[in-house]
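Report on the structure given below.
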Amino acid sequence: MTEIDTTEGAGRRPAKARHADRRSFMRKVFFASGATAVATMGGATAWTALADETTDTATAEASASPTPSGAPSGGPGGGAGGGLNESITEDFFGLTTDGTRIDDLYSIHSKGVDTTPVTAAATTFLAALSDSQKSETQYTVHSTEWRLWSNTDAYSRQGVSIADLSDEQNALGEALLKAALSAQGLETTQLTRKINKAACEAINQTTYAEAYFWTVMGTPSETEPWGFQFDGHHLVVNYFVLGDQVVMSPCFWGCEPTSMEIEGATVSVMQEEIRAALAVVNTLDATQQSAAILKATKDNDEITAGAFSDNAVQEYKGIAATELNPAQRTKLLALVQRFVGKAKDDAAKVKMSEIRKHLSETYFAWMGGTGDDSAFYCRIQSPVIWIELDCQSPFAFGSLYGETNGGDPTQQHLHCVVRTPNGNDYGKELLRQHLLTSPHHR
């Protein structure tokens, strides 16, 4: 399927209609998979806590027979984009190597991250919304809405669209991103949206020029769990906060094209990430490359853990970081930093420390060419970090950079996914521990 729906009149339905559709869909999801998911959270009290405010009937019916879920069935879930009609068919389990989660990787304790600015920015943003906008935007922190993100721009999203916000409201939304992200992370979001808008206008598809939506989970708080999601074409940020701890995943970073002329100037995004990936593979000697490179060819979509693949199972492949020399490990960590470093510096520092702790269990895998302009896929995988970079085939915008839509993969169409394996995407493991250990949740 293509990422742009060119059907006449395609695009967002009226906000109230989308709201009703998604609420109905979420109820169905809750009936289908809510019972076992909540049972793993710790009994009847967790049931009440996890119920979305619109699913009281579902909670009562599902809680009649809570059966803890095991590991997810089936193999890896692929596809970075997610289709227009994708749904959640399994309880959340998390990304693993063999269907078994590693315990004791994450815990609630002080990390020293200053979350006051992002909490204040989210509070101010919500306060600036009208009552109807706020009702569409705000969910409970336990809501299934966390998992309903997609890269596809024609996907029917929930929340409030930036296209429906006033200049003042959009400025406050931008302030929220600024409070959550580093300078380079904010720049990535801005350039991605700028290129997307210009590309849509260039092919006469302005319906999708501002296809980005806000949802806020929970109530911004200095002590209670909450978070937000910024979700749209080639750009998804899931951001969970609990006290001074932050989990920023899953995230999707991408663009098509990754470089184009806009108003007489060249605008580019994700170039440093591309160069950093190539720097890692090209520092390997022939023996190391034979271990790291899984295949020399590149198919269109190699992504394993994209949208609607929260429970993907992927064994370690490629070369272990223990087989790299110190200079090579430095380049590998520099690539990781390009993605982890999109969060605020203090949050990124905590995450990088966690990643270094598990460096001996980290693997680097590659598919495709290794030349400066080669299309490639690479993956960094450890118990605590998952990063995929994938050069895709031209889709809707190929004509803008001299390619045929559906042709060979190119660096001009990039998809990247960042996840926290072993159950802590969306901060779910921290949330589980909070619900079980906080006296007011017992």
Side-chain angles (χ1 to χ4, degrees), residues 12-13 15-34 37-38 41 46 49-59 62 82-94 122 125-126 129 132-153 155-162 164 173 176 180 211-221 224-233 235-242 247-252 306-311 419 424-428 430-432 435:
R12 279 188 315 108
R13 301 177 63 220
K16 289 183 179 179
R18 289 185 291 106
H19 186 78
D21 286 350
R22 185 54 59 88
R23 289 292 190 183
S24 176
F25 171 70
M26 289 171 66
R27 287 191 182 94
K28 293 176 183 177
V29 171
F30 201 95
F31 278 125
S33 64
V38 179
M41 298 293 288
L50 280 174
D52 190 290
E53 66 269 28
T54 64
T55 56
D56 294 339
T57 304
T59 304
L84 302 184
N85 299 307
E86 293 274 12
S87 63
I88 299 169
T89 58
E90 296 176 303
D91 305 338
F92 176 83
F93 189 80
F125 173 68
L126 283 173
L129 301 181
S132 61
Q133 288 173 326
K134 188 173 181 179
S135 69
E136 291 179 350
T137 302
Q138 196 167 15
Y139 291 77
T140 69
V141 72
H142 323 287
S143 174
T144 313
E145 178 62 20
W146 277 117
R147 300 180 62 195
L148 299 178
W149 60 271
S150 174
N151 166 59
T152 306
D153 63 353
Y155 176 70
S156 180
R157 292 176 169 83
Q158 187 55 297
V160 62
S161 167
I162 65 172
D164 294 334
L176 175 52
Y212 300 94
F213 289 72
W214 285 103
T215 47
V216 176
M217 305 345 160
T219 300
S221 168
E224 291 299 301
W226 71 279
F228 72 84
Q229 183 182 87
F230 189 67
D231 178 17
H233 189 211
L235 176 59
V236 180
V237 177
N238 284 290
Y239 196 94
F240 173 85
V241 180
L242 177 58
V247 178
M248 196 171 91
S249 76
C251 287
F252 187 104
F308 304 99
S309 300
D310 289 335
N311 299 338
R419 285 186 176 271
N424 207 30
D425 269 338
Y426 316 100
K428 281 187 173 290
L430 295 185
L431 178 60
R432 185 188 71 84
L435 291 175

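As the structure is a computational prediction, the values presented were derived from the model and not from experiment. Computation of the quantities below employed the complete heavy-atom set of this structure, encompassing side-chain atoms and omitting hydrogens, waters and symmetry-equivalent molecules.
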The reported gap from NZ in K134 to CG in L129 (rounded to nearest 0.5 angstrom) is 8.0 Å
Contact between N151 and H233 at the side-chain level, heavy atoms closer than 4.5 Å - yes or no? yes
Could you tell me which non-hydrogen atom of S150 sits nearest to which non-hydrogen atom of F308, and how far apart they are? CB-CE1, 4.0 Å
If I take atom CD from residue E136 and atom CZ from residue F213, how far apart are they, to the nearest 0.5 angstrom? 9.5 Å
Is the shortest heavy-atom distance from the side chain of N238 to the side chain of F230 under 4.5 Å? no
Approximate separation, where rounding is to 0.5 Å, of Q158 CD and T215 OG1: 8.0 Å
Scanning both residues in full, the closest heavy-atom pair of P220 with G218 reads CD-O, 3.9 Å
Looking at CG of L430 and CG of L435, how far apart are the two atoms once the value is rounded to the nearest 0.5 Å? 11.0 Å
Results of side chain to side chain donor-acceptor pair (under 3.5 Å) for Y426 - residues two or more places apart only: W149, D310
Spacing of CD belonging to Q138 relative to CD belonging to E145, to within rounding of 0.5 Å: 12.5 Å
CZ (R147) and CG (N311) are apart, to the nearest 0.5 Å, by 5.5 Å
Do the two ring centres, one from W146 and one from Y139, sit under 6.0 Å apart? no
Sequence neighbours excluded, which residues qualify as ring pair (Phe, Tyr, Trp, His ring centres under 6.0 Å) partners of Y239? F228
Between P225 and L431, the two heavy atoms sitting closest are CG-CD1, 3.8 Å
Partners meeting side chain to side chain donor-acceptor pair (under 3.5 Å) with D231 (sequence neighbours left out): R157
Measuring only between side-chain heavy atoms, which start at C-beta, is L176 closer than 4.5 Å to W214? yes
Those residues at least two apart in sequence (or on a different chain) that pass side chain to side chain contact (heavy atoms under 4.5 Å, CB included) with S249 are V247, T420, D425
